[in-house]
Amino acid sequence: MELAEILVDVPTMQTNQPYTYQIPTFMKEELQRGMRVVVPFGHRKVQGIVMNVVHHGTFNGRLKSIDSLMDLSPVINDEMYHLSFWLAQKTFSFQITCLLTMLPSVMKAKYQKLIKLLQPTHNQSINDIFHGQKVISFNSNSLSDEQIKLLLKLKRQKKIQVNYVVKNQAKSKKEIAVRSKLSKHQLKQALEQIPKNSVAQITVLKFFIQHYDISSVKQSFLTKLNHVSASTIKNMQDKGWLIRFKVEQYRNPYQRPIKRNYPLKLNYHQKVAVNAITRSVDQQNSNVFLLEGVTGSGKTEVYLQSIQKALIHNRTALMLVPEISLTPQMVNRVKGRFGNLVAILHSGLSRGEKYDEWRRINNGNAKVVVGVRSAIFAPLKNIGIIVMDEEHDDSYKQEDAPRYSTREVAKWRGKYNHCPVVLGSATPSLESRARAGKNVYHLLKLPERINHQALPQIKIVDMREQIANYGVKNFSKPLLASIKEKINRHEQVVLMLNRRGYSSFIMCRDCGFVLKCPNCDISLTLHMSSHTMRCHYCGHEEPIPTKCPNCGSKRIGHYGSGTEKVERELQQLIPEAKIIRMDVDTTRRKGSHERILNRFGQGKANILLGTQMIAKGLDFPNVTLVGVLNADTALQLPDFRSGEKTFQLLTQVSGRAGRAKKSGTVYIQTYNPDNYAIRLAETQNYERFYTKEMGIRHAAGYPPYYFTVRITVSDLKEVRSAGEANVVFHYLQNHLSDQTILLGPTQSTILKIKRRYYYQIIIKYKREKNLNSVLSHILMNTQKDFRRGLRVEIDPNPLKFI
Ligand SMILES: Nc1ncnc2c1ncn2[C@@H]1O[C@H](COP(=O)(O)OP(=O)(O)OP(=O)(O)O)[C@@H](O)[C@H]1O
Ligand SMILES: [Zn+2]
Ligand SMILES: [Zn+2]
């Protein structure tokens, strides 16, 4: 019997292994591993992925048959197939979740439950549900409990029918193309016979005579010719002269022309780095390099020339960048070097565009992929090099299932493809730098800026003193003076308002009431542009209150300074300044990010004021001053990485100043001028920071001296989540070794999110051989309570401990 083993899109522990289905005869030739199919499952239909085709299988009993094929060729290739086993195990997630994560989101099927009313009725309650339609799609949110009860009753009485539909959302865009059905001679004959006033048809005939050697042309091209319209072509088709047919079209998100650029002559340190990396490319070994290069040292050029080497060997290349540094400048540098071989994957693309780029990669038309975290799953074949720029960036860790670390996946793919992985940063993560210290990674250094330009001079400003002595708000005296000076000299300024761990909230000055989200245990954030209060966790929105909901006082105002408020203040202080603001509000529209940076690059403003968004990757030669308005917001977070994150951010943003001929200055405004992370950022000496921070981590028993796992238990009822957290804790205590440290269970810092109560346990360990089996056991055991609302999530090496 021909059988197929299929993983179904039902993420539960019970379905975490393939189910066997019969292959219908008509599908036998086509079906292959890695294709998406629709299969019956219980009383529903679901999407599934073929994991195995068994040609002469035996099975006693009745097997269901595959319903239909969603793909004509596999969408999960061999590498992704193998990767999914490893990923599921490493991240404690379901294999189907891993597989679907690797694919563009349009390839995840949309499920619809359709309800058909079998006979018309005069019953008002029924008609209130169907509104005169015969078929409606079932949506439990828009129906009341009464209505759902009624539908169940109608189903028992066989008065309605329920159908499940699995919709394939992956559709390529089609375009009409045209070709001639006539020979050249026949075309000429037609031209002679046609009346002289059929101008449009004559134009088309002439076109095909002149371009007889081309096989077809897009209709949209023909309709740009004089007088020619779609109906002209349709007419000529009816006469039997032309044939119209559909072709697939790729959406191209980068329509603008990009200036070509060429390899630069490398300086000594760059050369050493490129040589070491390209030797690995030549020898096809999977070394991991840590490229530690100060800001403006030319890391990108090292990446590009190493990638070039992979292409020469007819291999492909993957370059990962954090979302915020995938700037138009970066795109131009890579596309300008490798042209149409480049595919770009970032979150600004529409779902359709992402799908098109994915197909260009999958069919081998794109050989260099530049993208954010999820691009680590780009279906490149025969990879010759993987680059991870700004390897320390938090966005490389996925926070939802599967909670993977991009770096670990990159290393897995490096091994599979026999190619090097290059991790680059001015401020590497402690984990990576420690591995380089133990020679697990090869350390390469770029200690100097290009052209021996000095690093900018950094000045720390004590804001406590500024406020006490001068009553300033957001701009200290020295920073303000320096901004004015730069504007007079026609140089540019970058100002950063650090928003990490910081928000503008509303508080009543009389009773202290703070407006909180009804679903979550956190305060709502003020958004001036939409005039709403918004919850950053669940998206809840409500109007800005004009009086206190608690005591009725009108003295309710907002605290904290958003970028908009700071912009207004600065404009008042320096009326002649031209300021461009860059934050989530001004970059929401597609392409706005690029427009803002272009305007600044063209010198249309003196000041770029923004959030962390502006800290990375920007390379503007005329920027000579950087101001950090509030360095310390992140320092107050109860997170052992807060020092590391502060140092990294300050170093990155300082690096935007003085990158070309003119030297740079940086002002860092802080309330904690003696904090070690800020002091060390002043010297911009990463190695010194590394040594100091490692000492602290060692003393406190934090990573990289320990590995960590975070387990969160949540439920709609607080007693249940607390109770279950205790059960899990005792199980861990009894099954893990004595050297392992368990913290908790405690309430998470934000106890309540989206109406769920969270409790957490942290595991710290150095070596723990039972870890995988113990954690899998916990997942398996808690699954049975899933339906009651209990959820247990496991995050290996988490970034957040709060
Ligand atoms: N060998 C070279 N000769 C001349 N110019 C170079 C060379 N290498 C790089 N550059 C230029 O130096 C500038 C800084 O380089 P790049 O942006 O690659 O640095 P980076 O190390 O990635 O910086 P950051 O980490 O601060 O973003 C760029 O404008 C780049 O074009
Ligand atoms: Zn009040
Ligand atoms: Zn909320």
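What's counted below: heavy atoms across the whole structure, side chains too, no hydrogens, waters or symmetry copies. We count ligands from 1, going down the list as the structure has it; atoms in each ligand are counted the same way.
Under the 4.0 angstrom criterion for non-hydrogen atoms, Arg333 is in contact with ligand 1. Using a non-hydrogen distance threshold of 4.0 Å, Arg656 registers as a contact of ligand 1.
Counting only heavy atoms of the protein, atom 11 (C) of ligand 1 lies nearest to Ile450 CG1, 4.3 Å.
The ligand atoms of ligand 1 that sit less than 4.0 angstrom from a heavy atom of Asp619 are 13 (C), 28 (C), 29 (O). Residue-ligand proximity, Lys265 to ligand 1, at heavy-atom distances under 4.0 Å covers atoms 1 (N), 2 (C), 3 (N).
With sequence neighbours excluded, the residues forming a side chain to side chain donor-acceptor pair (under 3.5 Å) with Asp393 are Ser395, Lys616, listed by chain and number. Partners of Ser429 under the side chain to side chain donor-acceptor pair (under 3.5 Å) rule, at least two apart in sequence or in another chain, are Glu391, Arg407, Ser432.
Considering all non-hydrogen atoms of both residues, Lys381 and Asn362 come closest at NZ-O, 2.9 Å.
Only the backbone of Leu266 comes within 4.0 Å of ligand 1, judged by heavy-atom distances. With a heavy-atom cut-off of 4.0 Å, Leu264 touches ligand 1 through its side chain alone.
In this structure, a donor-acceptor pair under 3.5 Å is present between the side chains of Glu301 and Gln305. Between His392 and Ser425, the side chains place a donor N or O and an acceptor N or O closer than 3.5 Å (distance only, hydrogens not considered).
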